[in-house]
Amino acid sequence: MAARADAKKTVNLGEQPPRYSLLLNSHQDTRLSKCPLCERSTHPRKFPLAVHIDKWGPLVLGKTCRYCARCELIILHQDELEFELATNMSKLAPEVIGNKYVVLGTTDKKTWQQGFRRALEVADLRKYTADFKKYYDLEMESGVWRRE
């Protein structure tokens, strides 16, 4: 089984220069220990992700993801993200669990930590958020032998 990443259109929200690329892995049975772009090993790293949830608004979520430093690629597993969103929203607003969401970018660490002490305004979030350079989809190929 081979993995291939295809680029998608980006979303512009943040005022910081675009940083990192995001690959959202929607395959529950597939975990990536190697970058699908360069085939090098990835490592875990925590990122403050700016997420917009329909009928709720923005949320900054600290999430440990796989990361390829060479490609600046964040690999985010959709099932893990949805579990954490459901856990957090069950306390804040249970009625929005299961609503559509979009991962917009990353915020700086200081803004994320301040969000624990006070509510962040949308303007503050925009000011300290960096959009992703690219969004990737993970496409799986069936196990076919090929000559290199």
Side-chain angles (χ1 to χ4, degrees), residues 1-140:
M1 189 178 311
R4 191 176 92 238
D6 288 330
K8 290 173 42 177
K9 188 178 172 187
T10 60
V11 177
N12 294 325
L13 168 82
E15 295 178 9
Q16 296 296 314
R19 191 171 179 194
Y20 306 118
S21 294
L22 178 73
L23 185 145
L24 185 62
N25 178 8
S26 60
H27 303 278
Q28 287 186 351
D29 58 343
T30 303
R31 295 295 184 246
L32 301 174
S33 58
K34 290 190 176 186
C35 175
L37 302 177
C38 70
E39 296 293 320
R40 292 194 181 211
S41 294
T42 61
H43 61 276
R45 181 171 164 190
K46 193 162 195 164
F47 291 94
L49 300 173
V51 181
H52 182 273
I53 303 171
D54 281 355
K55 297 181 183 167
W56 169 257
L59 171 77
V60 179
L61 179 70
K63 176 79 181 91
T64 301
C65 307
R66 300 299 299 182
Y67 178 66
C68 175
R70 182 179 187 193
C71 300
E72 293 188 326
L73 178 68
I74 299 170
I75 301 170
L76 179 60
H77 299 289
Q78 185 174 359
D79 60 331
E80 293 176 3
L81 173 64
E82 289 175 355
F83 176 78
E84 288 201 28
L85 287 174
T87 302
N88 286 314
M89 296 314 287
S90 68
K91 300 169 192 165
L92 298 171
E95 67 277 4
V96 301
I97 293 174
N99 286 6
K100 291 183 180 181
Y101 63 88
V102 130
V103 183
L104 301 167
T106 58
T107 61
D108 63 35
K109 196 172 181 179
K110 205 176 231 183
T111 304
W112 170 54
Q113 290 169 339
Q114 287 175 355
F116 289 122
R117 288 182 247 126
R118 64 176 175 83
L120 285 172
E121 298 293 325
V122 175
D124 287 340
L125 185 62
R126 284 186 61 143
K127 187 175 180 182
Y128 298 108
T129 296
D131 298 325
F132 292 116
K133 291 178 184 175
K134 292 180 184 174
Y135 286 88
Y136 290 96
D137 271 341
L138 183 66
E139 292 191 10
M140 304 301 293

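Note that the numbering runs from 1 along the sequence shown for the chain. All values derive from a computational prediction rather than experimental measurement. Basis for what follows: all heavy atoms, side chains included, without hydrogens, waters or symmetry-related copies.
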For this session: Would you name the heavy atoms of Leu61 and Glu84 that are closest together and state the gap between them?
Result: CD1-OE1, 4.0 Å
For this session: Spell out, as yes or no, whether a donor-acceptor pair under 3.5 Å connects the side chain of Asn25 to the backbone of Leu138.
Result: no
Can you give me every donor-acceptor pair (side chain of residues 97-105, partner residue at least two apart or in another chain, under 3.5 Å) with its distance?
residue: Asn99; atom: ND2; partner: Asp54; partner atom: O; Å: 2.9
residue: Tyr101; atom: OH; partner: Glu82; partner atom: OE2; Å: 2.8

Exercise. Out of curiosity, Leu76 CG to Tyr135 OH, how far, rounded to the nearest 0.5 Å?
Worked result: 11.0 Å
For this session: Could you pull out the closest heavy-atom pair between Met89 and Leu59, with the gap in Å?
Result: SD-CD2, 4.3 Å
Exercise. Quick check: are there more than 12 heavy atoms from other residues, nucleotides or ligands sitting under 6.0 Å from CD of Glu95?
Worked result: yes
For this session: Would you sort out whether Val60 and Leu125 count as a side chain to side chain contact (heavy atoms under 4.5 Å, CB included), showing the intermediate values?
Result: CA-CA 9 Å; Val60 179; Leu125 185 62; 3.4 Å; yes
Problem set entry | Contact check, side chains of Ile74 and Tyr67, non-hydrogen atoms, under 4.5 Å | yes
For this session: Would you check if Pro36 and Leu73 make a side-chain contact, meaning some heavy-atom pair closer than 4.5 Å?
Result: yes
For this session: Find the distance between CG (Leu24) and CD1 (Ile75) and round it off to the nearest 0.5 Å.
Result: 11.0 Å
Seminar exercise, completed: On a heavy-atom basis, the closest approach of Lys127 and Glu15 is CA-OE1, 3.8 Å
For this session: For residues Ala50 and Thr107, report the shortest heavy-atom separation together with the two atoms involved.
Result: CB-CG2, 4.1 Å
Exercise. Is the number of heavy atoms from other residues, nucleotides or ligands within 6.0 Å of CZ (Arg40) greater than 12?
Worked result: no
Problem set entry | Contacts of type side chain to side chain contact (heavy atoms under 4.5 Å, CB included), residue Ser41, not counting sequence neighbours | none
Exercise. Do Cys65 and Arg45 have side chains that get closer than 4.5 Å, going by heavy atoms?
Worked result: no
Exercise. Quick one: are Leu23 and Phe132 in side-chain contact, heavy atoms under 4.5 Å?
Worked result: no
For this session: Flag the pair Glu80 and Lys63 as a salt bridge only when some basic side-chain nitrogen lies within less than 4.0 angstrom of an acidic carboxylate oxygen.
Result: yes
Exercise. Out of curiosity, Lys133 NZ to Asp131 CG, how far, rounded to the nearest 0.5 Å?
Worked result: 12.0 Å
For this session: State the CG-CG distance between Leu85 and Leu92, to the nearest 0.5 angstrom.
Result: 11.0 Å
For this session: Would you mind checking if Asp79 and Arg31 are paired as a salt bridge, meaning a charged N to carboxylate O distance below 4.0 Å?
Result: yes
Exercise. Given side chains that start at C-beta, do those of Leu49 and Thr106 come closer than 4.5 Å, heavy atoms only?
Worked result: yes
Seminar exercise, completed: Of all heavy-atom pairs linking Ala130 and Arg19, the shortest is CB-CB, 4.1 Å
Problem set entry | Shortest non-hydrogen contact between Gln78 and Ser26, atoms and distance | OE1-CB, 2.9 Å
